[in-house]
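To start, the structure under review is shown below, and the notes come after it.
Residue numbers start from 1 in every chain, and the chains themselves are labelled A, B, ... in the order their sequence lines are given, proteins ahead of strands. Scope of the values below: all heavy atoms of this structure, side chains included, with no hydrogens, waters or symmetry mates.
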There are 2 protein chains.
Amino acid sequence: MPVDSADMVDAFFERYRPKLTETAIVLLTPNVKVLHHPKKHELIKANQTSGYAYLLVKGAARSYYLHNGTEINSWFAFENEMVGSLRNYNNLPSRETIELLEDSTLLSFNVNGIKPLMAENIEISNFINQVIGEYCLYLEDKLYYTHLRSARERYTALLAQEPNVFKRVPLTYIASFLGISRETLSRLRAK
Amino acid sequence: MPVDSADMVDAFFERYRPKLTETAIVLLTPNVKVLHHPKKHELIKANQTSGYAYLLVKGAARSYYLHNGTEINSWFAFENEMVGSLRNYNNLPSRETIELLEDSTLLSFNVNGIKPLMAENIEISNFINQVIGEYCLYLEDKLYYTHLRSARERYTALLAQEPNVFKRVPLTYIASFLGISRETLSRLRAK
DNA sequence: ATGATTTTGTGACATAAATCAAATGGCCAA
DNA sequence: TTGGCCATTTGATTTATGTCACAAAATCAT
C-alpha cells in the first residue's frame with residue numbers, strides 16, 4: 001500500500017505499458033505532488049486555464065458546466081482515473097468546472113513542467129499520449145452509446161457499464177449526465 | 001498545386017506545426033500512397049481491423065454504423081481532413097464503415113509501417129498525436145453542442161459551424177447525424 | 001436529537017419529436 | 001426522353017419525456 005509521494009506515483013505509472021524506465025520517472029517526479037482536498041473543492045474552474053492535471057488516488061470527482069443557469073454534468077471519475085481539462089492541456093480555457101464529490105487524495109501533475117520533457121523523453125510523450133488516446137476512445141464510446149438512444153437505453157447502459165456511479169453520485173447529477181430530467185430518472189429507477 | 005505523391009504529402013505535412021524535418025518526411029514517404037476511388041467505395045469496413053488511415057485530398061466521406069437495421073451517420077469529412085478508425089488504430093475492430101460520398105483523391109497512410117517510426121522519430125510521434133489530439137477536442141465539442149440540446153438547436157449549430165455539410169451531404173444522412181428523423185429535419189428547414 | 005435544507009419520488013398535464021402515410025420532386029440509367 | 005427509384009416534403013396521430021407542483025425521505029448543521 002503506497003504511503004508517500006514516490007510510492008504512489010510509482011503505483012500509478014506501473015499501470016502503463018510499456019512501463020516507464022527509471023530515467024523517465026526521475027524526470028517526472030519533481031512535477032508530481034500528493035494533495036488532499038475536501039469534498040466540494042474545485043480542482044479546475046470554468047473559463048480558466050489551469051496548468052495542472054490530477055490523478056484521483058482516493059475519492060471521486062465530477063465535471064460540470066452551466067447551461068441556462070443549470071449545472072450539466074459531463075463526467076464522473078473515481079479511484080485511479082486521471083482528471084483534468086483537455087482544453088486546458090491545449091492552452092484553451094476549460095468549459096467545465098471539476099469539483100470533488102468526496103474528500104480525496106490526489107496526485108497533481110504540473111503540465112507546464114512536464115510538456116518540455118515530452119520532447120526529450122519519448123516514454124513520457126507516449127505516456128501522456130496514451131492517457132489522451134484512452135480518453136478519446138472513451139468519448140467515442142460515450143457518443144456511440146448515447147446517440148439516438150432512448151432515456152431508458154442510456155440509463156440501463158450506464159447501470160451496466162458503471163454501476164458504481166449510482167452508489168457514489170447523487171441522482172440529480174446523474175440525470176443531467178444522462179441527458180434527462182430528474183423526474184424521468186426517478187421513474188426509470190422505479191421500473 | 002500538388003501533382004504527384006511527394007508533393008501532396010508535402011502540402012499536407014506543411015500544415016503541421018512544428019513542421020516536420022526532412023528526416024521525418026523521408027521515413028514517412030514509403031508508407032504514403034496516392035489513391036483515387038469512386039463514390040460509394042468503402043475505405044474502412046465495420047467489424048474489421050484496417051491497417052490504413054487516409055487523408056482526403058479531394059472529395060468527401062461519411063462514417064456510419066447500423067442500429068436496428070438503419071444507418072446512423074457519425075461524421076462527414078471533406079478536403080484536408082484525416083479519415084480513419086481510432087479503434088483500428090488501437091487494434092480494435094471498427095464499429096463504423098467509412099464510405100466515399102464523391103469520387104475522391106486520397107493519401108493512404110500505412111499505420112503498421114508508421115507506428116514503429118514513432119519510437120525512433122519524435123516528430124512523427126508528435127504528428128500522429130496531434131491528429132488524435134485534435135480529434136479528441138472535436139469529440140468533446142460534438143458532445144458539448146449536442147447534449148441536452150433540442151433538435152432545432154443542433155440543426156442551427158451545424159448550419160452555423162459546418163454549412164458545407166448541407167451543400168454536399170444528402171439530408172437523410174444529416175438527419176441521423178443530428179439524431180433526428182428525416183421528417184423533423186425537413187420541417188426545421190421549412191422554418 | 002431537532003428542525004432546516006436538500007434530494008428524491010409521484011401525479012397531472014404540456015409538448016417536442018417520432019411514427020405512419022402519402023404526395024411531390026429529382027436524378028440516373030436504359 | 002422516359003420510367004423508376006430515391007430523397008424530400010407535408011399532414012395526421014402517437015408517444016416519450018419535459019415541466020410544474022407538491023409530498024416524502026434523507027442529510028446536514030446546530
Can A:L101 be reached from A:I44 by stepping across I, L, V, M, F, W or Y side chains whose heavy atoms are under 4.5 Å apart?
yes
Any base atoms under 4.0 Å from A:S186, or only sugar-phosphate, or nothing? Heavy atoms, all strands.
base
Pairing donors with acceptors under 3.5 angstrom, does anything connect the side chains of A:S176 and A:N73?
yes
Any N/O pairs under 3.5 Å between the protein and nucleotides 19-25 of chain C? List them or say none.
residue : atom : partner : partner atom : Å
C:dC20  : N4   : B:E183  : OE2          : 3.1

Can you list everything that forms a ring-ring contact (aromatic ring centres under 6.0 Å, His included) with A:F76? Sequence neighbours excluded, please.
A:F177
By side-chain contact (heavy atoms from CB on, under 4.5 Å) - contacts of B:P93 (at least two apart)
B:T49, B:R87
A:Y52 six-ring face occupied by A:K33 cation (under 6.0 Å, within 45°):
no
Considering residues at least two apart in sequence or located in another chain, which fulfil the ring-ring contact (aromatic ring centres under 6.0 Å, His included) criterion with A:H41?
A:H37
Residue pair A:R95, B:D141: steps toward the side-chain contact (heavy atoms from CB on, under 4.5 Å) verdict:
CA-CA 10 Å; A:R95 267 195 295 248; B:D141 279 357; 2.7 Å; yes
Double-helix bend of the helix from C:dA1-D:dT30 to C:dA30-D:dT1, axes at both ends from 5 pairs, round to 10°, gives 60°
With sequence neighbours left out, what residues match B:A175 under side-chain contact (heavy atoms from CB on, under 4.5 Å)?
B:I180, B:R182, B:L185
Under a criterion of less than 4.0 angstrom to any heavy atom of chain B, what are the 5'-terminal and 3'-terminal contacting nucleotides of DNA chain D?
D:dA7 to D:dA12
Mind checking what makes side-chain contact (heavy atoms from CB on, under 4.5 Å) contact with A:K45, not counting sequence neighbours?
A:E42, A:Q48
In whole angstrom, give the distance that lies between atom CG of A:L188 and atom P of C:dG9.
11 Å
In chain order, what residues pass the side-chain contact (heavy atoms from CB on, under 4.5 Å) check against A:H147, with sequence neighbours excluded?
B:Y65, B:I72
Strand-adjacent residues in residues 143-171 of chain A, judged by heavy atoms under 4.0 Å from DNA chain D:
A:S150, A:A151
Is there a path of hydrophobic side-chain contacts, each under 4.5 Å between heavy atoms of I, L, V, M, F, W or Y residues, that connects A:W75 with A:Y144?
no
Does anything in residues 61-68 of chain A reach DNA chain D, meaning a heavy atom under 4.0 Å, and if so which residues?
none
Could you check whether B:I180 gets within reach of a base, just the sugar-phosphate, or nothing at all, counting any heavy atom under 4.0 Å?
sugar-phosphate
Does a side chain donor of either A:Y135 or B:E140 reach within less than 3.5 Å of an acceptor in the other side chain?
yes
Apply the test side-chain contact (heavy atoms from CB on, under 4.5 Å) to residues B:E120 and B:L27: give CA-CA distance (whole Å), side-chain angles for both, the deciding distance (0.1 Å), then the verdict.
CA-CA 10 Å; B:E120 77 184 71; B:L27 286 168; 3.9 Å; yes
Review item, side-chain donor-acceptor pairs of residues 154-163 of chain B, under 3.5 Å, at least two apart:
residue : atom : partner : partner atom : Å
B:R154  : NE   : B:L178  : O            : 2.8
B:R154  : NH1  : B:R149  : O            : 2.7
B:R154  : NH2  : B:L178  : O            : 3.1
B:R154  : NH2  : B:G179  : O            : 3.3
B:T156  : OG1  : B:R152  : O            : 3.0
B:T156  : OG1  : B:E153  : O            : 3.1

Under 3.5 Å, is there a donor on one side chain and an acceptor on the other for B:T21 and B:E123?
yes
Between C:dG9 and A:R189, is there an OP1 or OP2 to side-chain N/O distance shorter than 4.0 Å?
yes
